[in-house]
Amino acid sequence: MRQIDASVSPRFTQISTFARLPICNDKEEIKALFLGIPFDDATTYRPGARFGPMGIRQGSRLLRPYNQFLDVYPFDTLNACDKGDVNVMPGYIEDTMKIIENEVFSTIEKGAVIPFIAGGDHSITLPILRAMYKKYGKVNLIHFDSHFDFWDSYWGKKYTHGTWLRRAREEGLLKDVVQAGIRGSLYSKDDVKDKDKLGIKSFTIRDLKYNAEGVLKEINSLKGPTYISIDIDVVDPSFAPGTGTPEVGGLTSFEIMEIIRSFKINIVGFDVVEVSPPYDVSEITSMLGANLIYEGMSVVAKSL
Ligand SMILES: [Mn+2]
């Protein structure tokens, strides 16, 4: 059984691994790992998500081994470990995407290891999906966000944290796509129409707030390998102020946790992106990010 050293106080100020898990080594069979991608050069507004992995590790110190709501010991069941951070290249988005793709692929190449990834801005999800495609072929995508993220370009540039989803579609990496939590002002009415062109089932924050069961039905009907990507800004800034592009009127922290707990799908990868500790207050965003990964691990452990 995966034991957490109880002699290490959660109040200890040393920032260690995610949930004080062991560092990954090649000798042990694992089913899941934590991986940080500290890259935020593709943000369009507030920076700081490069400190997301650090913040989420820090916010994970109080996580305990047993999840009472799903009746599971996620770390033990998954034999989970922390693989550290991807060695990104600041200032070079496309070079970094290649590094991310290779690094993520190397973690999933052999066996059925599920990466739980802490961003980083949302641009990191595109190279992760490229790695997923290499392993599984087309995967389904469940995308929680306050933004569509399928704009064509920003300042004429194709690779930003607001364009990754369109690129993933164009590259043929994805099967069914369900996104939810969309809100905020838009550039144009055409933004809304593009979701049909791109074959994306898109639900607004109203759909989630007034009919979460309907949205969950769509999500849980997905068949085959499915990747989950959660932009922390799907949560209301009152619960998650530490993020790059906040939009008011979002989910509560309780609501997003309950949604994750309800997943009944074949999860092959999971990310929480856009946590920006420099804009955080009392670590609440970092703690939420850590807990969302914990719930994700718990759902996967439960399904085994
Ligand atoms: Mn967003």
Side-chain angles (χ1 to χ4, degrees), residues 4-6 8-21 34-40 43-70 74-75 80 82 84-85 116-122 124 144-147 161 181 183-184 205 208-209 228-261 270-298:
I4 288 173
D5 184 355
V8 179
S9 166
R11 291 167 294 279
F12 199 53
T13 53
Q14 178 187 330
I15 298 164
S16 67
T17 57
F18 180 75
R20 292 171 288 140
L21 289 168
F34 177 91
L35 180 69
I37 305 184
F39 183 79
D40 67 7
T43 48
T44 52
Y45 192 46
R46 293 171 174 177
R50 68 180 59 189
F51 299 112
M54 181 195 76
I56 286 175
R57 286 193 181 94
Q58 183 167 329
S60 73
R61 284 172 299 170
L62 263 179
L63 288 172
R64 302 177 187 91
Y66 179 61
N67 185 329
Q68 60 178 319
F69 296 108
L70 291 171
F75 305 137
D82 186 327
D85 287 351
F116 288 81
I117 294 166
D121 71 51
H122 223 149
I124 67 163
F144 282 90
D145 206 319
S146 64
H147 309 100
H161 73 154
R183 60 184 186 275
I205 189 69
L208 263 188
K209 286 274 187 181
I228 318 266
S229 183
I230 300 177
D231 185 330
I232 200 73
D233 71 30
V234 76
V235 178
D236 192 86
S238 59
F239 296 88
T243 192
T245 324
E247 301 287 351
V248 300
L251 297 177
T252 66
S253 46
F254 175 71
E255 285 167 337
I256 187 72
M257 288 171 83
E258 284 289 281
I259 287 168
I260 294 172
R261 287 173 188 147
F270 188 105
D271 70 44
V272 175
V273 297
E274 301 282 352
V275 170
S276 176
Y279 287 94
D280 206 2
V281 176
S282 292
E283 297 179 12
I284 59 173
T285 316
S286 292
M287 282 194 286
L288 177 59
N291 275 273
L292 297 186
I293 288 176
Y294 180 75
E295 294 300 334
M297 285 184 173
S298 300

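Quick note: residue numbers are just sequence positions, from 1. Keep in mind the model is a prediction, meaning the values are calculated, not measured. Only this structure's heavy atoms are used, side chains among them; waters, hydrogens and symmetry mates stay out.
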Review point. Does the side chain of Asp233 pick up a donor-acceptor pair with the side chain of Thr245 at under 3.5 Å?
Key: no
Check your understanding: Taking the side chain as C-beta and beyond, is there a heavy-atom pair between Phe18 and Leu63 under 4.5 Å?
Key -> yes
Point to revise | Derivation and outcome, side chain to side chain contact (heavy atoms under 4.5 Å, CB included), residues Leu251 and Arg183 | key: CA-CA 11 Å; Leu251 297 177; Arg183 60 184 186 275; 5.9 Å; no
Exercise for review: Starting at CD of Glu255, measure out to CG of Asp236 and round the result to the nearest 0.5 Å.
Suggested key: 9.5 Å
Exercise for review: Considering non-hydrogen atoms only, spot the tightest contact between Ile56 and Ala290 and give its length.
Suggested key: O-CB, 3.5 Å
Practice item. Output the distance between atom NE2 (His161) and atom CD1 (Ile124), rounded to the nearest 0.5 Å. Key: 12.5 Å
**Study point:** Ser16 OG to Arg61 CZ distance, which is reported to the nearest 0.5 Å
**Key:** 8.0 Å
Study note, to complete from the structure: OG1 (Thr44) and NE2 (His147) are apart, to the nearest 0.5 Å, by 8.0 Å
Practice item. Taking the side chain as every heavy atom from C-beta outward, state whether Arg46 and Pro278 have any atom pair closer than 4.5 Å. Key: no
Practice item. Measure the shortest side-chain to side-chain distance between Thr252 and Lys209 over non-hydrogen atoms and say whether it is less than 4.5 angstrom. Key: yes
Check your understanding: Nearest 0.5 Å, what's the CZ-CG distance between Arg261 and Asn67?
Key -> 6.0 Å
**Study point:** Between Asp82 and Thr17, a side-chain donor and acceptor under 3.5 Å
**Key:** no
Point to revise | Closest non-hydrogen atom pair between Ser276 and Pro47, with its separation | key: OG-O, 2.9 Å
Practice item. List the atom of Thr243, the atom of Glu274, and the distance in Å for their closest heavy-atom pair. Key: OG1-O, 2.7 Å
Review point. Any chance OH of Tyr45 has more than 12 other-residue heavy atoms, nucleotides or ligands included, within less than 6.0 Å?
Key: no
Practice item. Check whether the side chains of Asp121 and Thr43 place a donor and an acceptor atom closer than 3.5 Å, and report yes or no. Key: no
Exercise for review: Without swapping roles, check the side chain of Asp231 against the backbone of Asp145 for a donor-acceptor pair under 3.5 Å.
Suggested key: no
Check your understanding: Got a salt bridge between Arg57 and Asp85, using NZ or NE/NH1/NH2 to carboxylate O under 4.0 Å?
Key -> yes
Exercise for review: Apply the test side chain to side chain contact (heavy atoms under 4.5 Å, CB included) to residues Leu208 and Phe144: give CA-CA distance (whole Å), side-chain angles for both, the deciding distance (0.1 Å), then the verdict.
Suggested key: CA-CA 10 Å; Leu208 263 188; Phe144 282 90; 4.1 Å; yes
Exercise for review: Over all heavy atoms of both residues, which pair between Ala240 and Leu288 is shortest? Give the atoms and the distance, please.
Suggested key: CB-CD2, 4.3 Å
Check your understanding: Taking all atoms of both residues into account, what is the closest heavy-atom pair of Phe239 and Ser253, and its distance?
Key -> CD2-OG, 3.3 Å
Review point. Measuring from Arg20:CZ to Leu62:CG, what's the distance to the nearest 0.5 Å?
Key: 8.0 Å
**Study point:** Test ring-ring contact (aromatic ring centres under 6.0 Å, His included) applied to Phe116 and Phe270, Phe34, Tyr294, the passing residue
**Key:** Phe270
Exercise for review: Work out which heavy atom in Ser286 is nearest to a heavy atom in Gly55; give both atom names and the distance.
Suggested key: CB-O, 3.2 Å
